[in-house]
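Letters A, B, ... mirror the listed sequences (proteins, then strands); counts begin at 1. Everything numeric in this text was worked out from a predicted model, so none of it was measured.
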2 protein chains.
Amino acid sequence: MPRENKSRYAVLGMLSVHSMSGYDIKKQIEKGIGNFWSEGYAQIYPILKQLEEEGLAICEVERQEGKPDRKVYTITETGRAVFMRWLTEPIGQYPMRIEVLLKLFFAHHADPAISIQHVKRFQQEMEKTFADYKAQEREGEALMKEGGERARYQRMAIRFGLYYSEALLAWCEETITELKRMEDRQGEAGCKRTLYSEISKSTE
Amino acid sequence: MPRENKSRYAVLGMLSVHSMSGYDIKKQIEKGIGNFWSEGYAQIYPILKQLEEEGLAICEVERQEGKPDRKVYTITETGRAVFMRWLTEPIGQYPMRIEVLLKLFFAHHADPAISIQHVKRFQQEMEKTFADYKAQEREGEALMKEGGERARYQRMAIRFGLYYSEALLAWCEETITELKRMEDRQGEAGCKRTLYSEISKSTE
DNA sequence: GAGAACATGTAAGCGGTTACATGATTAT
DNA sequence: ATAATCATGTAACCGCTTACATGTTCTC
């Protein structure tokens with residue numbers, strides 16, 4: 001089976017909540033699911049056009065003063081049906097590609113200091129991610145009290161992010177500690193690491 | 001800047017460890033970094049050809065009896081230099097696309113039972129991932145005692161997987177519990193969920 | 001006899017990113 | 001002045017997956 005286009009469903013999903021323009025969709029994706037999903041205009045606009053052609057959404061032009069026209073898209077019943085079909089379909093497993101790990105896997109070729117840099121950068125990213133999710137959690141709590149069903153589901157996605165980023169922050173600390181230990185040991189031995197020299201290690 | 005081809009570096013990385021054929025590379029990637037990286041033959045073979053053309057690897061044909069010929073590739077010094085440049089370059093952040101979360105985010109349109117299915121499937125995947133990493137950890141311990149520097153780095157990647165999958169397994173349990181609670185509450189109220197009906201909730 | 005493992009590739013086509021193109025208004 | 005926000009799009013290009021193509025040997 002040919003793999004299906006998930007971007008379509010992200011766009012359709014946004015339209016299932018509110019009618020909006022391509023520009024809005026981008027903003028909403030960034031705000032709502034930006035931590036685990038992203039779409040560019042170069043994806044969104046062609047998809048919207050296509051959805052209209054297929055009768056899954058209709059488009060109305062909204063004139064504005066002092067601002068460009070907006071093309072507001074509304075999901076149709078067919079659109080909702082198609083979206084629901086995707087929503088109920090079982091998920092497929094996604095292949096991951098984690099660049100830090102790829103570099104770490106081959107890092108014995110280089111100085112540990114290089115790896116420390118990589119992991120620290122990843123750590124910064126995770127800290128940002130964690131903070132984002134925390135902020136979203138606080139925001140979400142207000143909505144939860146209003147008794148929104150939707151807020152409950154969104155909270156689950158946020159909790160995912162919290163579990164995820166917290167765990168990986170712990171990994172970063174552990175790993176940086178270990179890398180520093182390796183760096184020290186190397187310093188003691190007076191060995192400088194290059195691609196072609198393998199340091200001889202004394203088994204402690 | 002145009003984004004660079006990471007698959008090239010995965011292949012080059014494998015060659016930096018041992019000379020091998022495209023077939024071997026596939027196997028080694030699956031075995032060694034399969035949990036966080038994957039490449040298909042349709043990537044590997046053209047890359048190898050290209051690497052040879054660029055002088056980053058050389059190819060020797062090895063004749064075998066009863067088996068097809070093997071084209072064994074060996075990394076050149078230029079190849080190592082190019083690989084090292086990538087290895088020392090800072091990592092870029094990767095955009096994630098997690099399908100479960102996308103579905104969960106819009107799941108208020110559907111019955112909680114659907115979400116339970118999705119999360120359970122994800123849970124199964126994570127259990128497999130966790131078991132894989134655990135097995136790799138045990139294997140790795142043997143190598144660690146031999147005092148391999150490389151084994152230390154590989155262990156860090158494995159630890160990443162353990163932190164990662166353990167955290168997400170915890171999330172799965174929490175989420176399934178919550179979803180079941182929502183399912184029960186819905187059953188009590190006698191409401192059936194469709195796209196167009198919003199259930200009214202009594203604030204407890 | 002069927003299927004897995006060994007071994008190397010190509011072609012088609014979608015998916016996704018980057019860069020380009022345009023143009024008005026508002027805030028610093 | 002300069003940058004940011006609002007707003008919509010296109011073109012080119014690469015990455016990556018899927019499917020196709022071929023042929024032998026060994027195992028069940």
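The side chain of B/Q43 sits closest to D/dG15 out of C/dG9, C/dC6, D/dG15. For B/A42, taking side-chain heavy atoms from C-beta onward, the closest of the listed nucleotides C/dC6, D/dT17, C/dA7 is D/dT17. For A/K49, the listed nucleotide lying nearest its side chain is D/dT10; candidates were D/dT10, C/dT8, D/dT8. Of the candidate nucleotides C/dG16, C/dA7, D/dG9, C/dA7 has the atom nearest to the side chain of B/Y45. In this structure, the nucleotide among C/dT17, D/dT17, C/dT8 sitting nearest to the side chain of B/Y23 is C/dT8. Among C/dG15, D/dG9, D/dA7, the nucleotide with an atom closest to any side-chain atom of A/N5 is C/dG15. Ranking D/dG9, D/dC6, D/dC16 by closeness to the A/Y41 side chain, first place goes to D/dG9.
Residues A/E39 and A/W37 bring a donor and an acceptor atom of their side chains to less than 3.5 Å of each other.
Ring centroid separation for the pair A/F106 and B/F83 comes in under the 6.0 Å cut-off.
Nearest heavy atoms, A/Y133 versus A/A157: CE2-O, 4.2 Å.
In the displayed structure, B/E127 atom CD is contacted under 6.0 Å by more than 12 heavy atoms of other residues, nucleotides or ligands.
Across the protein-nucleic acid pair, B/I25 atom CD1 and C/dA7 atom P stand 13 Å apart, rounded to whole Å. What separates OH of B/Y9 from P of D/dC14 is a distance of 14 Å, to the nearest Å. In this structure, the NZ atom of B/K26 is 13 Å from the C1' atom of C/dG9, given to the nearest Å. As a whole-Å value, the separation of B/E39 CD from D/dT18 C1' is 15 Å.
Taking side-chain N and O atoms only, A/Q64 has a distance below 4.0 Å to OP1 or OP2 of D/dA7.
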